[in-house]
Amino acid sequence: MALKATSKETTVQAKQGEPQPKSQSNPPWTTDELILALDLYLRHRNSLPDKNHPEVQALSQLLGEIGKTLGLNKGGSFRNENGVYMKLSNFRRWDPKYVENGRTGLAKGNKNEKVVWDEFADASPKLAIAVAAIRNAIESPSPEAKALTGADEPEIMEAEEGKILTRLHRYRERALVKAKKKDVLQKQGCLRCEACGFNFAEVYGQTGEGIIDVHHTKPVHSLKPGEKTKLSELALLCSNCHRVIHSKRPWLSVEQVRALIS
Ligand SMILES: [Zn+2]
Ligand SMILES: [Zn+2]
């Protein structure tokens, strides 16, 4: 049982510049975690497993790892078996099969449950791929896993598949910036935004030379840890177009941004 911290305690614990939860209760479930829980829920929809079920225990452990990676797991009751079981019960209220006979699920829950339900419950291939990709990113011993422990970027809208795969995407696009720019310079002689045609060197002269963003065009859920990114999977974008791509959920494609401009 989580104890509520008084506001005084919270102030003492809060580090400057870091948003802190108001109490010591566990942080809200992230999209990644809800996707994994939804997968378990749907596989046991008719009869939910109790907290001693091996799959509930296994998910609790995996969520503990994800929580460490994301910096959310401060120990204690973080995503323990009981918490996982409760979350499965929370999904019931969004399940048309459960509520059709006048039954209602638990009234309380987090609003993201409905978002995840709507995006994944009826899309089993999409759910399976997202589950495998999140699992892979956490369980693989690839050095990329270290890159996942960074912080969220405020200007980047989290992908539908959650924080882990968003971070993997951003890591992948940064890792090959130099190689991609060099390749395009050799082939085309200049660096131009593939969506709007903007060329920093044309507008800002020498100072703008070499400035351009690199964006990973592969769907986030298809990212596998350790997998080699091909230069052809990367697109050059000016900072405006790149920002527009990541501003909506789901992220836009380069073609969609191009269409917006024309
Ligand atoms: Zn552009
Ligand atoms: Zn990008």
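Order of appearance sets the numbers: ligands from 1, and atoms from 1 within every ligand. Note that these values count all heavy atoms, side chains included, but never hydrogens, waters or copies made by symmetry. Predicted, not measured: the structure shown is a model, and the values here were computed from it.
- Nearby protein atoms of type N, O or S around the Zn ion (ligand 1) amount to 4 (distance under 2.8 Å).
- Defined by atom type and a distance below 3.5 Å, a donor-acceptor pair is present between the side-chain atoms of His242 and Glu173.
- The only option from Thr31, Ile66, Thr30 that meets the side chain to side chain contact (heavy atoms under 4.5 Å, CB included) definition with Leu36 turns out to be Ile66.
- Using a distance-only test at 3.5 Å, with no hydrogens or angles considered, a donor-acceptor pair links the side chain of Asp50 to the main chain of His53.
- Remark: at the Zn ion (ligand 2), atom ND1 from His215 and atom OE2 from Glu173 enclose 140°, rounded to the nearest 10 degrees.
- Panel note: side chain Arg192, backbone Asn199; no donor-acceptor pair is recorded below 3.5 Å.
- Within a 6.0 Å sphere centred on OH of Tyr85, heavy atoms belonging to other residues, nucleotides or ligands number 12 at most.
- Across Val84, Leu48, Asn82, Asn80, a single residue satisfies side chain to side chain contact (heavy atoms under 4.5 Å, CB included) together with Val56, and that is Val84.
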